[in-house]
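First up is the structure itself, then whatever we jot down about it.
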Amino acid sequence: MVTTAFRKIVYPCWRPSIEDEGQDWSSRGGDPNGWVDGLLWYKDIGHHLNGEFSMAVIQANNVLEDQSQLESGALSSVETGPQGTFVGVYDGHAGPDAAHFISNHLFNNIKKFTTQKQEMSAEVITKAYLETEEEFLSLVRKQWLMKPQIASVGSCVLVGIVCNGLLYIANAGDSRAVLGRVEKHTKDVKAIQLSSEHNANLKSVRDELHLLHPDDPEIVVLKHTVWRVKGLIQVSR
C-alpha cells in the first residue's frame, strides 16, 4: 500500500536552468564509479529556476543493496505532457536485485501511466508502484528455481515528485521523507515529516498487522528487544 502526501510548495515545476541543461548530473562534481570523500556518488549544488539541488549516496554495506534515482524533465512520453523532477530512494534488503529492478522500472511505469492520464496524480503513482511490484513478482516466479535467494529479496520505495506546483510523496517501507522549512518569523529551520514508516516497532503498525492477520499469533514477534514481522524483518511493507 502506498502512503501519498501532497504539498503545494513549488511552482512551477523544478527543471534545470539554461546553464545546467545538457550536464551529466550523475558525474558533475564527483566520479560516479569511484569514491570521493567516502561518498559512492554525489551531485554538487546545481542551480534551478526555483533554487538549488544536490544529492549524495554513501555505501554502508560491502554489497550495495540500495539504489537512488534522479530524473528531471518529461514525466510522460507525450511532448506536451507534464514536466517535473523525480527522486527515488530504494532501500534494498537481502540483496540488491529488488532495488536494481525498481530503479530500472518504476520511473518508466510512472511515465506510462502519466501518459495515459495526461497528468500527474496520486492514482498514477499508486498504479506505477503496483505495476512494478507485479513485474518483479513475475520475475521471481520465473527465476526462483534457478536462483532461490531472489524470493527473499525486497526493497523499500520512497519517491518524491515535484510537478505542477505540487510535491508528491509516496512511501512503502520504513524510509522517511522530511521537509526543511524556514519559519517566517524566527528564521529557524523546522523539520516536517512528510511520510509515515511501515515498521513493526511502531505500535500502530503492529496493531494493523494483528488486525489483518487475526489467525496468526506470530505475525509480529519480539526478538532481541526488536519487533519483527514473523520474527524476520522490521519492515511491514
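Scope of the values below: all heavy atoms of this structure, side chains included, with no hydrogens, waters or symmetry mates.
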Give a yes or no on whether [X] and [Y] share a hydrophobic cluster (residues Ile, Leu, Val, Met, Phe, Trp, Tyr; joining criterion: side-chain heavy atoms under 4.5 Å apart).
X	Y	value
V178	V189	no
L145	L139	yes
L202	L222	yes
I102	F136	no
F101	V235	no

Using a 4.5 Å cut-off on heavy atoms from C-beta on, say whether the side chain of [Y] contacts that of [X].
X	Y	value
Q234	N201	yes
L75	F107	yes
E71	I110	no
E218	D216	yes
V221	L232	no
Q69	V87	no

Test item: [X] side-chain N/O and [Y] main-chain N/O as donor-acceptor pair under 3.5 Å:
X	Y	answer
S138	E134	no
S76	T114	no
N199	V205	no
Q143	V140	no

Least distance between heavy atoms, [X] atom then [Y] atom:
X	Y	value
S236	V229	CA-CG2, 4.0 Å
S195	I169	CB-CG2, 3.9 Å
C163	Q83	SG-O, 3.4 Å
A99	E65	CB-O, 3.3 Å
P82	M120	CG-N, 4.1 Å
Y129	N171	OH-N, 3.8 Å

Tell me whether the count of non-hydrogen atoms from other residues, nucleotides or ligands lying under 6.0 Å of CD in E183 goes above 12.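 Check passes, neighbour count above 12.
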
More than 12 heavy atoms from other groups under 6.0 Å of CZ on R141: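 For R141, atom CZ is crowded (more than 12 foreign heavy atoms under 6.0 Å).
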
Residues 149-162, side-chain donor-acceptor partners within the protein, below 3.5 Å, at least two apart:
residue : atom : partner : partner atom : Å
S152    : OG   : Q149    : O            : 2.9

Roughly how far, to the nearest 0.5 Å, is the [atom2] atom of [Y] from the [atom1] atom of [X]?
X	Y	atom1	atom2	result
L70	F86	CG	CZ	9.5 Å
S68	D91	OG	CG	11.5 Å
N109	I125	CG	CD1	12.5 Å

Going by side chain to side chain donor-acceptor pair (under 3.5 Å), name the residues that satisfy it together with Q116, two or more places apart in sequence or in a different chain. none

Hey, are K112 and E131 close enough for a salt bridge, meaning a charged N less than 4.0 Å from a carboxylate O?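 Yes, charged N to carboxylate O under 4.0 Å.
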
Are a donor atom and an acceptor atom from the side chains of E119 and N164 found within less than 3.5 Å of each other? no

In sequence, state the C-alpha distance, the side-chain angles, and the governing distance for I219 and K230, and then conclude on side chain to side chain contact (heavy atoms under 4.5 Å, CB included). CA-CA 5 Å; I219 186 62; K230 301 296 289 184; 4.0 Å; yes

Sort out for me which residue in R237, K203, H198 forms a side chain to side chain donor-acceptor pair (under 3.5 Å) with E208.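 Considering R237, K203, H198, a side chain to side chain donor-acceptor pair (under 3.5 Å) with E208 is found only for R237.
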
